[in-house]
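Everything on this sheet refers to the single structure shown next.
Lettering of chains follows the sequences in order, A, B, ..., and the numbering in each one begins at 1.
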There are 4 protein chains.
Amino acid sequence: MSSTVAPRPPARRRRLAAEERMRQIIEAALIEFSEKGFTATRMDDIAARAGLSKGGLYAHFKSKDQIFETLLFKVLSPSFNNRKWMLDDGDTLAEVVDAFIAHTYDRVTDPDFIAALRLLITESHRAPHLVDYWRREVLDTYLKEQQTMLEHCRARGLVRHSPLTQQAELLMAPALYAAITRMIFGEEATQASLKDLRRAHAQLLMELLEPVEA
Amino acid sequence: MSSTVAPRPPARRRRLAAEERMRQIIEAALIEFSEKGFTATRMDDIAARAGLSKGGLYAHFKSKDQIFETLLFKVLSPSFNNRKWMLDDGDTLAEVVDAFIAHTYDRVTDPDFIAALRLLITESHRAPHLVDYWRREVLDTYLKEQQTMLEHCRARGLVRHSPLTQQAELLMAPALYAAITRMIFGEEATQASLKDLRRAHAQLLMELLEPVEA
Amino acid sequence: MSSTVAPRPPARRRRLAAEERMRQIIEAALIEFSEKGFTATRMDDIAARAGLSKGGLYAHFKSKDQIFETLLFKVLSPSFNNRKWMLDDGDTLAEVVDAFIAHTYDRVTDPDFIAALRLLITESHRAPHLVDYWRREVLDTYLKEQQTMLEHCRARGLVRHSPLTQQAELLMAPALYAAITRMIFGEEATQASLKDLRRAHAQLLMELLEPVEA
Amino acid sequence: MSSTVAPRPPARRRRLAAEERMRQIIEAALIEFSEKGFTATRMDDIAARAGLSKGGLYAHFKSKDQIFETLLFKVLSPSFNNRKWMLDDGDTLAEVVDAFIAHTYDRVTDPDFIAALRLLITESHRAPHLVDYWRREVLDTYLKEQQTMLEHCRARGLVRHSPLTQQAELLMAPALYAAITRMIFGEEATQASLKDLRRAHAQLLMELLEPVEA
DNA sequence: AATGAATGAGAGTTCATTCAT
DNA sequence: TATGAATGAACTCTCATTCAT
């Protein structure tokens, strides 16, 4: 409309850049915090990994704690944590179990997931409100959904009644075992045993869920 | 007349045998390190809990790192870690499973065990040699022993062949799940679910190990 | 109403170019180290004299040792140490000797020179590589140059052959004596004797260098 | 006199032992202090070298400062410092000079003398009263005696009038140069040049003291 | 007289945070 | 918005000195 070209884009651009910067900082913080723990991580470490100077962090977050809270909030949000596995990803039990196992062990080998879990174990006491919220609103909800789905499957005759169908936690406990092992011993040292465990885990699910033949 | 600042009496000096003092320091360090992590724990914290002054620690350990190593060494030694569960604690499968569950969940609710596990997860990278040693010499040995015992039980007809008998880790995976839950959410918040999980865990073992009736 | 403890205003923060600040720190360190010795000098002392806070030092040097090494390196560099005396500063022996004595005793009364010499005597063992280098590349070179010049003068008939012309160290030994005396007893206590020594030193040179009359 | 043998000796013995201990401690302190300086020397260092425990030192000296003062007092006492060279150790000038040079360079290579001199240079400010006393009562006295002796020799026609006979310091200045060189560069590195300097020093004395032939 | 565990006052160093540029 | 020098509090560690044994 106006004859001169108004220099608008930069304003919008800057906001975008700021958001992008914050994403980079949070990503850097996730790695650093989960590798070394909150206290042992220095603002310099985060800054270096995010590609700016220490002072620069304070343009985006007002303290180390705030970075941590923001990070944990993101890590605990449903979108980060729960790209859910759908029990009806298949028609036969074998297909369902395969899909579940594949999905579950993908997560266990996902560095971001390991980082998040480690953070949760080592530093959750720093933000009890977030952890409480997450437990109630995210984790329990997720477990309940699985429970519901399991019952639905049972109704369809896909699975039988078993301890697993009553405590959904049992479904993934072996995968958590694998994750913890990786945390303690490292990726390389646990490669082989991960495969064995995964196979046995799948068999366990089959054996416990397979409907009894009449 | 009297000064307002009460100069606290100069803290009774208690001289202990070096050995006894070292034990107290290590005990204090276990609690502090596992509660706050290595870096966030101050020498003052350990000293206060051990009942001496900060400087006094250095009469027994030459650095914070050395306290940590000594502690981890102790925590990873077989005697600390493996009061083993004997599969033949009973004649019927129900008795064996009950004994195993009782033993396993005792450990999960033992503060020292939780502390040690947390230390292992959060700080094992500080002493890779110790962790390597522990994995090879202690953990793997333990798993192998369990495997042997399971096979023995199978020979006796006490249990049947199942994924559990091939991967001994599966036996206790649900208990580890409970332990991690406690670490993240605290003791109080997980009281109830612990019971449910324990019961389901026992059922799972029964169902998977019970010999098929002819 | 007002509190009794006056919270001193937070010490104007003065940001300087890194190079300039480093120069000030090294200058401060020279004074402090040579006055009190390396160990007895506190980082606070250096900081206070350099006009910044203790922590600020670490933006420029990574340790007390590094400050010391940098300082010693500078102090031992030819430019600091050897504004050389030229033997041809005059045409008659008297002029040459006068120039030498003037130059030499200027140094002996120069606080920076005394400071450097004291540092060398008391703390040289902290940086043997620097001292070795200095001896080979600076001091010996300097002595050799003097030797050469002396021979040149002898050829010109300005001086005669004497022990002094063979061991250039003898030329300045009395001045070193004066310097050491000042170090031990202080400036005030040695004012008078310095003059006497200087005069006798000059006479000694004249007597030993004067060509024998045919 | 008495019929039973009174256990007397131990009392006397203990006193002797205590004196002996103190000598050992002072000797240890001389080495340690002169090697590392007062501040950098730990009570443990002295104790170890003296062959007892840190706490044991306090049975003999009430503080580190007191050890230092006692040590310096001893080191500055005439008996330690001045086994004097007698100018009449010979009948010809050559004999006198040889004796002086031999005596002087013996001292320069005596570790105890070097240690004492180093102590004086580096730590004299810690006990100004002792140093003042020493200068007035010991050093100046010594120089005056030498002066007197020189005049006596001159009267005998053994030496001629020269700058050396007016400033006795000049007599030994080159030896001090050698001592300082040893302090800075160490014994090994100065072996060779010490010989050269010593020879030139002797020649210098001969040339300056030899009576002019009629 | 001797030991060595214990104290407590600092020392050097680190680091979250601030601020001049 | 970004930099990095500067601050100051808090940390680990040291060491002269004390004291229970």
Side-chain angles (χ1 to χ4, degrees), chain A residues 14-15 17-18 21 39-47 51-67, chain B residues 10-18 20-22 39-47 50-67, chain C residues 10-22 39-47 50-65 67, chain D residues 14-15 17-18 21 39-47 51-67:
Chain A
R14 262 211 286 275
R15 276 182 61 83
R21 264 276 194 253
T39 312
T41 296
R42 294 166 304 147
M43 293 298 269
D44 283 295
D45 297 332
I46 300 173
L52 78 173
S53 74
K54 175 165 53 168
L57 294 179
Y58 288 85
H60 302 282
F61 297 92
K62 72 177 212 281
S63 71
K64 192 182 179 185
D65 280 277
Q66 205 199 43
I67 294 180
Chain B
R12 264 290 143 264
R13 186 188 285 216
R14 295 224 281 163
R15 189 198 177 89
L16 293 185
E20 171 59 14
R21 189 62 95 180
M22 287 177 73
T39 311
T41 296
R42 294 166 302 146
M43 292 301 269
D44 283 298
D45 297 332
I46 299 173
L52 80 173
S53 71
K54 176 169 53 170
L57 295 177
Y58 290 86
H60 302 284
F61 297 93
K62 69 179 207 288
S63 68
K64 191 182 179 183
D65 280 275
Q66 207 201 40
I67 294 181
Chain C
R12 264 289 144 263
R13 186 187 286 216
R14 295 225 279 165
R15 188 198 177 92
L16 294 184
E19 218 173 58
E20 172 59 14
R21 190 60 95 180
M22 287 177 72
T39 312
T41 296
R42 294 166 303 148
M43 292 301 268
D44 282 298
D45 297 333
I46 299 173
L52 81 174
S53 71
K54 177 167 57 168
L57 295 177
Y58 290 85
H60 303 284
F61 296 93
K62 71 177 206 286
S63 69
K64 192 181 178 184
D65 279 276
I67 294 182
Chain D
R14 262 210 287 275
R15 276 183 61 84
R21 264 274 194 256
T39 312
T41 296
R42 293 165 306 148
M43 292 299 268
D44 283 296
D45 298 333
I46 299 173
L52 80 173
S53 74
K54 176 165 51 168
L57 294 179
Y58 288 85
H60 301 283
F61 297 92
K62 71 177 214 281
S63 71
K64 191 182 180 186
D65 281 276
Q66 205 199 43
I67 294 181

Minimal non-hydrogen separation, [X] against [Y], with atom names:
X     : Y     : value
D/S53 : D/A47 : C-CB, 3.7 Å
A/A40 : B/T39 : CB-OG1, 3.3 Å
B/M43 : B/L57 : O-CD1, 3.5 Å
A/L52 : A/R21 : CD1-NE, 3.8 Å

Taking any strand in view, what nucleotide pairs with F/dA20 in a Watson-Crick or G-U wobble way, both distances under 3.5 Å?
-> E/dT3
Please determine, for E/dT14, whether a Watson-Crick or G-U wobble partner exists with both distances under 3.5 Å, and give it or none.
-> F/dA9
Return the 5'-most residue of the pair A/G56, C/L52 with respect to DNA chain F, ranking by each residue's nearest nucleotide.
-> A/G56
Taking for each residue the nucleotide of DNA chain F with the nearest heavy atom, is it C/A18 or B/D65 whose nucleotide lies nearer the 5' end?
-> C/A18
Backbone of B/R42 reached by a side-chain donor or acceptor of B/K54 within 3.5 Å | no
Backbone N or O of B/K62 within a donor-acceptor pair of the B/Q66 side chain at under 3.5 Å?
-> yes
Pick base, sugar-phosphate or nothing for B/T41, based on heavy-atom distances below 4.0 Å to the nucleic acid.
-> sugar-phosphate
Just call it for B/L16: base, sugar-phosphate, or nothing, with non-hydrogen atoms closer than 4.0 Å on any strand.
-> sugar-phosphate
Starting at [atom1] of [X] and ending at [atom2] of [N], how long is that distance when rounded to a whole Å?
X     : N      : atom1 : atom2 : value
A/I46 : E/dT17 : CD1   : C1'   : 14 Å
C/R13 : F/dA5  : CZ    : P     : 12 Å
B/Q66 : F/dC13 : CD    : P     : 10 Å
B/D45 : F/dA10 : CG    : P     : 13 Å
B/R14 : E/dT7  : CZ    : P     : 11 Å
B/D44 : F/dC13 : CG    : P     : 12 Å
A/L57 : E/dT18 : CG    : P     : 13 Å
B/K62 : F/dC13 : NZ    : P     : 10 Å

Selected nucleotide, minimal atom distance to C/K64 side chain, candidates E/dG4, F/dT12, E/dG12 | E/dG12
State which of E/dG12, E/dA5, E/dT7 makes the closest approach to the side chain of B/S53.
-> E/dT7
Is there a donor and acceptor pair closer than 3.5 Å between the side chain of A/K54 and the base of E/dT17?
-> yes
Side-chain-base donor-acceptor pair under 3.5 Å for A/R21 and F/dT1 = no
Hey, which sits more toward the 5' end of DNA chain E by its nearest nucleotide, B/G55 or A/T39?
-> B/G55
Looking at [X], does any N or O in its side chain come under 4.0 Å of the phosphate oxygens OP1/OP2 on [N]?
X     : N      : value
C/R15 : E/dT18 : no
A/H60 : F/dA2  : yes
D/Y58 : F/dT17 : yes
C/R42 : E/dA11 : yes

